[in-house]
Enquirer: 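Okay, here's the structure, questions in a sec.
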Amino acid sequence: MGVRLYNTASRSVQPFSPQDPGRVGIYACGPTLYGPAHIGNFRTFLFYDLVHRYLEWRGYGVHFVMNFTDVDDKTIAAARARGATLADHTLVYERQVVEEADLLGVRRFDVYPRATAYIGPMVALVERLLERGLAYTTPDGSVFFRIAAFPDYGALSGRDPGAARTGERVAGDDYGKEDGRDFALWKGIKEGDREAGAAWSAPWGEGRPGWHLECSAMALSEVGGTVDLHLGGEDLIFPHHEDEIAQSEGATGNPFVRHWLHAKHLRVEGRKMSKSLGNIVGVGTLLAEGVSAAALRHLLLSAHYRTELNFTEEGLKASRRAVDRLLDFDSRLLSHPVRSSGPESGVREASESALASFREALDDDLNIARGIAVLFGFVNRVNGRLDTHAVIGRAERDAACAALASIDEVLGLIEVGRRERRVDKELGDWIEERIEARRRARAAREWMRADAIRDELAAEGIVLEDGPAGTRWKMRQGRH
RNA sequence: GGCGCCGUGGCCAAGUGGUAAGGCAGAGGACUGCAAAUCCUCUAUCCCCGGUUCGAAUCCGGGCGGCGCCUCCA
């Protein structure tokens, strides 16, 4: 059947059909660098990561572009409040978000354009729109898009362009608009912009680009004529993406995007995350508190991207346990005794069917909840086999390892979890030494001494698992 | 007011016409020196009412409840 994805534009799930399967061009709206990213941002970024990883897993050649918005009202305001230049201010948060994304296992995308590096293309875009009569300048040096001249406006979000809002009161900086719905392509220079390094010259006057324009310019420059997949948070459908379509198609005359995907927002303890509620949760804060990155990844990834996800303390705990189960299985599989030949235990069959079911689940509009269920079903089945078969064939074991690794190429849970369990060589050697001492104590049936050693290790976060093939140990992950 | 989404066991969450995946939590059992890990068993008729159908959580109608966007917002 192939990959099927929901398309916001058609409001239905449809086959994913890139123009050129060999090079799928994807543009994702990235963070605005005014402050630290929060878990809501990261739910969206992890959704991007899923799209990225899954399409590559399915064999597509993916060219994935995620921008950084480093100039807009908020970044300028934040930079000015700190007395920093725009460039200095945004660099701080760019570094931070990249670092956090790495910690959560978000694979690096191909290109990260920063808006301020695309002023040229933006100016060119506006010039074309002016030529075509789709834009007009105002006395303060701003340029607005003329929505009345673009009949398709509203198609993505399902709005009637003619209705409502026309006669609305205009905001303070929007003097001169012909129509209340018209949006700014370029904002004429204002007090303080130049000092903050937020002013560029253009044929119609000095100023800075409008937010919507930035994404159009970067998408057209970095992805090309038509974007196969354009991703974003659900809040961007209107007006941001509607405006991107209007500008891009108005200027080029070509379809801008084939397929739109939007991730739903998350809630925190049942409530909307907002400044006024004071419940904005930063990823950096959580990680600093000792929350496991793998657990956080699991939680943010575990619900389908088009359903509301409720971020709770309890959910985080459940996710942590779930990831532990995966990691325990991973290490059990790797250390399970094998022989070169002999009767099959059923592990190979379980591996093959897990891979097929996983693909089926993810092909269906990235149904990750079902995909994760398939994974746990696999873990369960194989654990059962390992219980009843003290030794399995090497080829079977390898097949199971390969299946697990393959699925984790998409989920990245074991990938991130393993990192957190890793210990340095010195600690590792000490652990091995202690385990050997405990082994001797146990052999001598000196339980008190053996348990004292186990407690000693537990105090360092090391958990032991005795099995027929010896004792395995693991580093307990973060507090949550 | 306009557009849209959702309501499944204690919590989270799949399933969208054939009699309920998975994770967490809970109970009992097996294994273990004790643990840990693991396995087995048990725990829901799907917000309510009506309709369509041989058959509905799944379709239709009506309620009730929760939520999103419409303004900066992932």
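Residue numbers begin at 1 in each chain, while the letters A, B, ... track the order of the sequences. Just the heavy atoms: all of them, side chains too, but no hydrogens, waters or symmetry mates, feed the values below. Computed from a predicted structure; not experimentally measured.
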Enquirer: Looking only at N and O atoms, is any donor in the side chain of D235(A) or the base of rG68(B) less than 3.5 Å from an acceptor on the other one?
Expert: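 Answer is no: no donor-acceptor pair is held.
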Enquirer: Touch check for L266(A), heavy atoms < 4.0 angstrom, all strands: base, sugar-phosphate only, or nothing?
Expert: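 Base, at least one base atom sits under 4.0 Å.
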Enquirer: Has F376(A) got its ring stacked on rG22(B), by the test of a centre gap below 5.5 Å and a plane angle below 30°?
Expert: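 No; centroid distance or tilt outside limits.
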Enquirer: Name the one of D49(A), L411(A), V410(A) that satisfies side chain to side chain contact (heavy atoms under 4.5 Å, CB included) with Y54(A)?
Expert: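 When side chain to side chain contact (heavy atoms under 4.5 Å, CB included) is applied between Y54(A) and each of D49(A), L411(A), V410(A), only V410(A) qualifies.
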Enquirer: rC39(B) phosphate, OP1 or OP2: any side-chain N/O from N383(A) under 4.0 angstrom?
Expert: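 So the side-chain polar atoms of N383(A) do come within 4.0 Å of the phosphate oxygens OP1 or OP2 of rC39(B), strictly under.
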Enquirer: In plain terms, say whether E308(A) and K264(A) are close enough for a salt bridge, that is, a side-chain N and a carboxylate O under 4.0 Å apart.
Expert: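 Not counted as a salt bridge, because no side-chain N and carboxylate O are separated by less than 4.0 Å.
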Enquirer: For rC24(B), does the base pair up with any side-chain atom of R320(A) as donor and acceptor (N or O, under 3.5 Å, distance only)?
Expert: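 Side chain to base: no pair present.
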Enquirer: Base, sugar-phosphate alone, or nothing: which one does Y34(A) contact when heavy atoms must sit under 4.0 Å apart?
Expert: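 Sugar-phosphate, no base atom in range.
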Enquirer: Base of rG33(B), side chain of R442(A) - is there a donor-acceptor contact under 3.5 Å?
Expert: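 Counting by modelled atom types and ignoring angles, a donor-acceptor contact under 3.5 Å is found here.
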Enquirer: If you take atom types as modelled and just measure distance, does the side chain of N41(A) reach the base of rC73(B) with a donor-acceptor pair under 3.5 Å?
Expert: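 In this structure, the two groups form no donor-acceptor pair.
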Enquirer: Given H52(A), which partner from the list F45(A), F109(A), W57(A) fulfils the ring-ring contact (aromatic ring centres under 6.0 Å, His included) test?
Expert: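 Looking at F45(A), F109(A), W57(A), the match for H52(A) under the ring-ring contact (aromatic ring centres under 6.0 Å, His included) is F109(A).
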Enquirer: Is the phosphate of rG22(B) approached by R370(A) (side-chain N or O, under 4.0 Å from OP1 or OP2)?
Expert: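 No, no such contact exists.
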Enquirer: Do we count H265(A) as stacking onto rA74(B) if the rule is ring centres under 5.5 Å and planes under 30°?
Expert: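 Aromatic stack with rA74(B) present for H265(A).
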Enquirer: Could you check whether M66(A) gets within reach of a base, just the sugar-phosphate, or nothing at all, counting any heavy atom under 4.0 Å?
Expert: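 Here M66(A) touches no strand at all.
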Enquirer: Within the structure, does a side-chain N or O atom of N367(A) lie under 4.0 Å from either OP1 or OP2 of rG15(B)?
Expert: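 The answer is yes; a side-chain N or O of N367(A) sits under 4.0 Å from OP1 or OP2.
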Enquirer: Has T307(A) got a side-chain N or O lying under 4.0 Å from the OP1 or OP2 atom of rA14(B)?
Expert: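 Yes, within the criterion.
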Enquirer: With respect to the phosphate group of rU38(B), does any side-chain polar atom (N or O) of R385(A) fall under 4.0 Å of OP1 or OP2?
Expert: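 No, because none of the side-chain N or O atoms of R385(A) sits under 4.0 Å from OP1 or OP2 of rU38(B).
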Enquirer: Using the ring-ring contact (aromatic ring centres under 6.0 Å, His included) definition, which of the options F144(A), F145(A), F183(A) pairs with H212(A)?
Expert: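 Single pass found, and it is F183(A).
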Enquirer: Checking all strands, does R325(A) fall into the base, sugar-phosphate, or nothing category for heavy-atom contacts under 4.0 angstrom?
Expert: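 Sugar-phosphate, backbone atoms only, no base.
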Enquirer: Can you tell me if the side-chain N/O atoms of S319(A) get under 4.0 Å from OP1 or OP2 in rC12(B)?
Expert: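 Indeed not, no polar side-chain atom of S319(A) lies that close.
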Enquirer: Test for a donor-acceptor pair under 3.5 Å between the base of rA74(B) and the side chain of R43(A), counting only N and O atoms.
Expert: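 Such a pair does not exist between side chain and base.
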Enquirer: Are any of the side-chain heavy atoms of L5(A) and L229(A) separated by less than 4.5 Å?
Expert: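 SC-SC contact between L5(A) and L229(A) confirmed.
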